[in-house]
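FYI, side chains are in, hydrogens and waters are out, and symmetry mates aren't considered; it's all heavy atoms of this structure. Numbers for residues simply follow the sequence, beginning at 1. Note that ligands are numbered from 1 as they come in the structure, with each ligand's atoms numbered from 1 the same way.
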Amino acid sequence: MKADPPRFPAGTTSLIKTYLTPDLFASLARVKTGTGFTLEAAIRSGIENPDSSIGIYAGDSESYTCFSRVLGPIILDYHKIEPHQCHQEHMTPETLADLDPQRQYIRSTRIRVARNLKGFPFCCHIRDNDRVRLENHIMNALEHLTGDLSGTYTRFSDLSPDAYDGMVEKKLAFPKGDRFQESAGMNRDFPLGRGIFLSRDKEFRVWVNEEDHMRIMAVSPGPDLGGVFERLCRGLDALSSHLDFAFDDRLGFLSSCPTNIGTAMRAGVHIRLEKLEHHQDILKDLVRRHHLQIRGTGGEKTAVENATFDISNTRRLGISANQIVHHLHTGLSAIITAEKSL
Ligand code: CIR
C-alpha cells in the first residue's frame, strides 16, 4: 500500500516542501534508521509549522544517510554550497586585533558549536533512559576540565521552578524549546536529562540536551574575539579526548538541525550601533557582503532592542572555524568603521 504524501498547510514555503516530491516521499516513507527514526517524524515540525525555513530534523547520525535523497538537496540549497564542497577542519587559536579598544560598540562576544555523541539518538528522538545515560556520560567528561575551564554542572531537574526561572532570566540556563522544537519532540520529558555546565568565571559553558546533545560555548562580556575563540578551542580539545562526536567527512559535525552541520559553529557579538540603526540599508549591505546575519537582541526570531544587534556568521559548512572567525572579525571591523563615519 502506498503511503499518503504529507500535507503541508497552504502558505508553507519550507525547503522540505520544495524538495520532498510525492515520489521521493513514497520511496522513503517506510525507511527506518537503526534507532527507528522515520521521515514522518523528521518532517513533523515542518508540517505543523508552515513558517519553517527548512522543516526537517535529524533523529540520529544515520538520518543523514538514510534520508540523504531529500536532505542532500536541502543541505546544498540552505548552505549555498556546490556538491563537491565539503567540511573544512581547521580550528586553532590565533591572535586577532582588538576590534573595539574603547569598549564603545561590542557588548558581548559568544562562539558556540553544536556537538552530538556517536551511538545515541539525537534530541528529538532520544527517550528518557538514554537521555539520562547520555547526561551522565557528558557530566563525567566535564569533570575532567581543569584550570579556568573547570566548573559546575547543574541538572535542571535538581532546581526548584523558581531557581530554574531565575537562571533562565539571567541567561544561565536555556528555556524549553520553541514551537519548531516542540513539534519535533525535542521537549519530551523536559527538564529530565537537561542541564548546564558553567566554568567558575562563567565564560565557558556547555548546554546539555537542548537541541543537540551539547552546545559548547565560550562567552565574554567584551570584544575579545580571539580570546573567546582560544577558550572554545581549548575546551573543545579537552572534551574531545573523553567524548566521541558524531562526524561525517563530507558533512562535518552532525547536528539535529541540518542548518547547523559542518563546523556547527555560530560566532557572534551583541553590538550597539546607534547610527547604523537609522541607516539599515548600509548595515544590511555590509552584513551581506561579509557573509554575516543580523538576529534580534534575544536571538533567533526576536526583535532588535536598544540599537543592539546580534551579528553572527551565516556560513558553517564548506568553511573552516578559523575562516568563520576571520570573516566575522573583518566584517565587524568594517561595520564599526561605518558606524564611526556616520
Ligand atoms: C525551521 O525549519 O525554521 C526550524 N526547524 C528551525 C531552523 C533553524 N535552525 C535552528 O534554529 N537550529
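Within the listing of ligand 1, atoms 4 (C), 5 (N), 6 (C) sit less than 4.0 angstrom from a heavy atom of Tyr57. The ligand atoms of ligand 1 that sit less than 4.0 angstrom from a heavy atom of Ile54 are 1 (C), 2 (O). The contact set between ligand 1 and Gly55, taken as ligand atoms under 4.0 Å from a residue heavy atom, comprises 2 (O). Of all the atoms in ligand 1, the ones that sit under 4.0 Å from a non-hydrogen atom of Ser53 are 1 (C), 2 (O), 3 (O), 7 (C).
Using cut-offs of 30° and 60° for the angle between ring planes, the His144 and His242 rings count as parallel. Relative ring orientation between Trp207 and Phe174 is described as tilted, the plane-to-plane angle lying within the 30° to 60° band.
The proximity of Cys257 to ligand 1, defined as any non-hydrogen pair under 4.0 Å, is limited to the side chain. Counting heavy atoms under 4.0 Å from ligand 1, residue Asn260 touches it through the side chain alone. With a 4.0 Å cut-off on non-hydrogen atoms, Thr259 touches ligand 1 through its side chain and not its backbone.
For Phe309 and His270, the distance between ring centers is not under 6.0 angstrom.
Electrostatic pairing of Asp212 and Arg115 does not count as a salt bridge here, judged by no charged N lying under 4.0 Å from a carboxylate O. In summary, Glu48 and Arg44 do not engage in a salt bridge, as defined by a charged side-chain N under 4.0 Å from a carboxylate O.
Residue Asp130 comes nearest to Pro121 through the heavy atom pair OD2-CD, 4.0 Å, listed as atom of the first residue, atom of the second, then distance.
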